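Everything on this sheet refers to the single structure shown next.
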Protein chains: 2
Amino acid sequence: MKLGQVTIKDIARELNVSTSTVSRALKDYPGISDDTKKKVKDLAEKLNYRPNAVALSLRKSKSFTIGVIIPEVVHFFFSTVISGIEEVAYANGYNVILCQTNEKLQRELSSIETMLDNQIDGLLVSFSKETENFDHFTRLMNQNFPIVFFDRVPDIENTVNVTVNDFNGAYEATKHLVDQGYKKIIHLAGPKTLTISKKRIDGYKAALQDHHLKQKPDWIIPCPIGTQQESYEITKSIFKNNKELPDGIFASNDIAAAGAMMAVKELGLKVPEDVGIVGFSNWQFSSMIDPPLSSVAQPGFEMGEKATEILLEIIEKKKEANWEPKTIVLETELLVRKSSKK
Amino acid sequence: MKLGQVTIKDIARELNVSTSTVSRALKDYPGISDDTKKKVKDLAEKLNYRPNAVALSLRKSKSFTIGVIIPEVVHFFFSTVISGIEEVAYANGYNVILCQTNEKLQRELSSIETMLDNQIDGLLVSFSKETENFDHFTRLMNQNFPIVFFDRVPDIENTVNVTVNDFNGAYEATKHLVDQGYKKIIHLAGPKTLTISKKRIDGYKAALQDHHLKQKPDWIIPCPIGTQQESYEITKSIFKNNKELPDGIFASNDIAAAGAMMAVKELGLKVPEDVGIVGFSNWQFSSMIDPPLSSVAQPGFEMGEKATEILLEIIEKKKEANWEPKTIVLETELLVRKSSKK
DNA sequence: TTGTAAGCGTTATCAA
DNA sequence: TTGATAACGCTTACAA
């Protein structure tokens with residue numbers, strides 16, 4: 001685009017000074033007479049001068065832009081995270097360029113390339129479900145390029161991560177079901193490729209173990225796709241093909257929980273009387289469905305904020321210190337609603 | 001950032017040719033011997049050369065980046081639109097930089113400034129609820145800067161817009177309630193500043209008129225904030241303070257509808273037996289609440305796609321033809337669910 | 001077929 | 001206190 005934008009040259013010409021003088025005057029550099037400084041600033045104001053950020057990027061090898069790789073914007077949790085990211089980035093004068101992968105590795109790879117071409121200063125990443133190899137990230141990190149992973153963190157060394165305590169969240173959710181008197185609790189799990197899924201499975205298992213409840217391998221059912229439809233069908237088939245009916249469901253996300261609830265109700269069972277259900281992520285709709293769904297709330301906005309704060313810190317201090325790997329773990333909060341109160 | 005990126009210079013030096021030769025070879029310009037062309041391309045490949053997009057932007061005064069101004073990412077409808085925008089932009093080699101206004105005019109103004117500083121090639125805008133004056137847009141449009149408005153379109157001349165047929169959507173929703181036998185239908189309206197709110201009000205009125213049903217000015221109740229809580233309270237007070245109880249509610253969005261539903265149920269009335277409810281936008285949760293909410297679906301993804309297609313067209317053809325103002329109107333679809341079936 | 005040089009808008013270095 | 005000049009990475013007349 002061009003807007004016939006006023007440049008430093010225009011000001012210089014008009015005032016019969018050099019561009020360097022203008023540049024210095026605008027920047028309040030020392031060694032410029034108050035007189036010229038004022039003249040320059042006044043004219044800049046009058047002509048509505050705005051520095052060309054692209055020229056600055058080129059000059060400074062710094063773009064004040066960060067890239068965000070996210071699976072899906074329409075995922076409520078992620079859109080909350082984006083909000084947090086945006087907030088902090090904006091407050092610090094950074095732009096956000098966004099790419100969603102739609103859970104495709106190919107898209108992830110090419111998005112990163114494009115963003116790098118655009119000289120982003122750093123990257124916030126929640127990788128796709130297809131991503132099992134992290135070379136494209138380690139390569140960058142080895143070159144000391146700032147990356148912060150959020151929510152979905154890779155199972156490799158030396159990364160900087162912001163995530164939630166998925167283990168605890170799952171543990172608390174399961175324990176809550178146990179406390180309510182449910183005894184045969186199944187788990188609708190997320191895709192195995194994601195650490196968060198594993199952590200939630202572990203939390204679920206640990207809670208059952210600590211409370212001496214029965215565990216069965218086939219009570220942990222993967223829902224790789226993650227649609228409501230999928231968990232609806234899975235739940236139906238579980239309840240139909242089991243002599244021993246489950247009485248509790250802990251789902252690794254609310255969509256799956258909602259699908260399960262629908263299935264259970266259709267089978268003529270009552271929630272929460274016959275079956276208790278707890279989800280994960282506290283989607284917008286969770287409090288509105290019938291019965292309102294208990295869920296493990298994740299602080300999405302806060303996660304976005306935190307991840308961005310750390311990223312900017314790394315970006316701005318990069319020269320001085322090598323940034324150390326670390327993992328920030330945010331706590332979840334179990335929101336108990338009707339779906340799990342026996 | 002820098003990654004010790006390979007530049008055209010590095011290749012030139014290594015091959016003992018000039019940078020222009022490299023540039024031309026990479027671009028398949030005519031008049032380069034097949035031999036050098038091959039050498040250059042091979043080395044570029046080997047060194048993993050990637051052109052610096054920032055340098056290109058500066059050189060060409062074109063950034064292959066478009067800006068998106070949106071009220072809120074967490075709004076399901078808008079996140080759908082973003083998805084559509086992203087899809088088309090990405091497919092055409094454009095980046096998307098995103099700013100949400102959180103419905104604040106100030107934020108809208110400063111976001112636009114920042115984006116312009118970054119030399120975006122064009123702008124997709126859905127302005128904030130606070131925006132009542134459009135000078136900041138007209139100023140740009142007068143300079144022939146490409147802007148496409150979506151969903152919330154300004155009430156001024158010579159704009160390019162993509163929106164949905166809000167009038168028809170509202171008309172159909174209301175008509176449907178009438179057809180189902182509801183007779184005293186109120187409307188929970190959106191903020192008056194938005195044209196879409198007015199259009200929905202008009203559609204609602206027209207449907208009542210065409211079917212000879214009673215209209216009362218105080219049956220059109222503004223819900224300016226747009227939270228569930230707000231409409232919950234408003235609905236409660238309406239039902240408490242009216243001798244003549246309404247039996248139908250058409251809400252200008254699903255959140256408001258959900259709040260109203262909650263209020264109605266708490267008052268001991270049955271949905272849909274005593275009160276029929278229809279919302280707008282078909283949020284993710286709408287099919288999951290109890291009873292499932294009828295809603296006017298808006299094609300968000302399609303809107304994003306369309307708006308971006310038009311914007312890119314304007315950007316790329318700008319020199320040749322002056323783009324004419326136009327408004328694309330996408331049709332809505334009424335999804336009838338249980339909440340409105342008497 | 002290739003090279004030289006100017007320029008996109010800005011700032012840093014050096015000299016005046 | 002100010003100005004010339006080079007440089008960031010790339011493209012493109014123009015010259016050779």
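Here is how names work: the chains are called A, B, and so on, in the same order as the sequence lines, proteins then strands, and each is numbered from 1. The shown structure was predicted, so the numbers you read here are calculated from the model rather than taken from an experiment.
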Would you indicate, yes or no, if D/dC10 has its OP1 or OP2 atom less than 4.0 angstrom from a side-chain nitrogen or oxygen of B/Ser23?
-> no
Students should find that the end-to-end axis angle of the helix from C/dT1-D/dA16 to C/dA16-D/dT1, with five pairs defining each axis and rounding to 10 degrees, is 60°
Rounded to the nearest 0.5 Å, how far does CD1 of B/Ile85 lie from CG of B/Leu98?
-> 8.5 Å
With a 4.0 Å cut-off, would you call A/Arg107 and A/Glu130 a salt bridge?
-> no
Within the pair B/Lys9 and D/dC8, is there a side-chain N or O less than 4.0 Å away from OP1 or OP2?
-> yes
Does B/Ser18 have a side-chain nitrogen or oxygen under 4.0 Å from the phosphate oxygens OP1 or OP2 of C/dT4?
-> no
How close or far is atom P of C/dG9 from atom CG of B/Leu116, stated in whole angstroms?
-> 15 Å
Does any donor atom in the side chain of B/Ser111 or B/Thr114 lie under 3.5 Å from an acceptor atom in the other side chain?
-> no
Take A/Phe137 and A/Val125 through the side-chain contact (heavy atoms from CB on, under 4.5 Å) test and state the conclusion after the steps.
-> CA-CA 10 Å; A/Phe137 297 122; A/Val125 177; 3.6 Å; yes
May I ask you to establish whether A/Arg139 and A/Phe145 are in a cation-pi arrangement, using a distance under 6.0 Å from NZ or CZ to the six-membered ring centre and at most 45° from the ring axis?
-> no
What residue pairs, at least two apart or across chains, pass ring-ring contact (aromatic ring centres under 6.0 Å, His included) with a residue in residues 11-69 of chain A?
-> A/Phe64-A/Tyr94
What pairs of donor and acceptor atoms, side-chain ones from residues 72-82 of chain B against any protein atom, are under 3.5 angstrom apart with sequence neighbours left out?
from, atom 1, to, atom 2, distance (Å)
B/His75, ND1, B/Phe77, N, 3.4
B/Ser79, OG, B/Phe76, O, 2.9
B/Thr80, OG1, B/Phe76, O, 2.7
B/Thr80, OG1, B/Phe77, O, 3.4

If you look at every strand shown and take non-hydrogen atoms under 4.0 Å, does B/Ser33 touch a base, only sugar-phosphate, or nothing?
-> sugar-phosphate
When only distance counts, do a donor and an acceptor, one from the side chain of A/Arg59 and one from the base of D/dG9, lie under 3.5 Å apart?
-> no
In sequence, state the C-alpha distance, the side-chain angles, and the governing distance for A/Asp34 and A/Lys39, and then conclude on salt bridge (charged side-chain N to carboxylate O under 4.0 Å, His left out).
-> CA-CA 9 Å; A/Asp34 288 355; A/Lys39 269 196 280 190; over 6 Å; no
Contact class for A/Val54 vs. all strands (heavy atom < 4.0 Å): base, sugar-phosphate, or nothing?
-> nothing
Identify whether any heavy atom of A/Asn16 sits under 4.0 Å from a base atom; if not, whether one sits that close to sugar-phosphate; answer base, sugar-phosphate or nothing.
-> sugar-phosphate
Atom CD1 of B/Ile11 and atom C1' of D/dG9: how far apart are they, to the nearest Å?
-> 12 Å
May I have the distance from A/Asp34 (atom CG) to D/dT2 (atom C1'), rounded to whole angstrom?
-> 15 Å
Pick the nucleotide of DNA chain D nearest each of A/Ser20 and B/Thr7; which residue has the one closer to the 5' end?
-> A/Ser20
B/Asp35 atom CG is separated from C/dT2 atom C1', nearest whole Å, by 13 Å
Can you check the B/Lys62 NZ to C/dG7 P distance for me, whole Å?
-> 24 Å
Out of C/dT10, C/dT2, D/dC8, minimum distance to the side chain of A/Lys27 belongs to C/dT10
Quick one: label B/Thr36 by what it contacts on the DNA or RNA (base, sugar-phosphate, nothing), any heavy atom closer than 4.0 Å.
-> sugar-phosphate
Atom CG of A/Asn118 and atom P of D/dC8: how far apart are they, to the nearest Å?
-> 20 Å
Rounded off to whole Å, could you give me the NZ-to-C1' distance for the B/Lys60 and D/dC10 pair?
-> 9 Å
DNA chain C: B/Leu58 or B/Thr19, which has the more 5' nearest nucleotide?
-> B/Thr19
Does OP1 or OP2 of C/dT13 have a side-chain N or O of A/Tyr29 closer than 4.0 Å?
-> no
Give the rounded distance in Å between these two atoms: NZ of A/Lys38 and C1' of D/dT2.
-> 20 Å
Under 3.5 Å donor-acceptor pair, A/Arg24 side-chain atoms to D/dG3 base atoms = yes
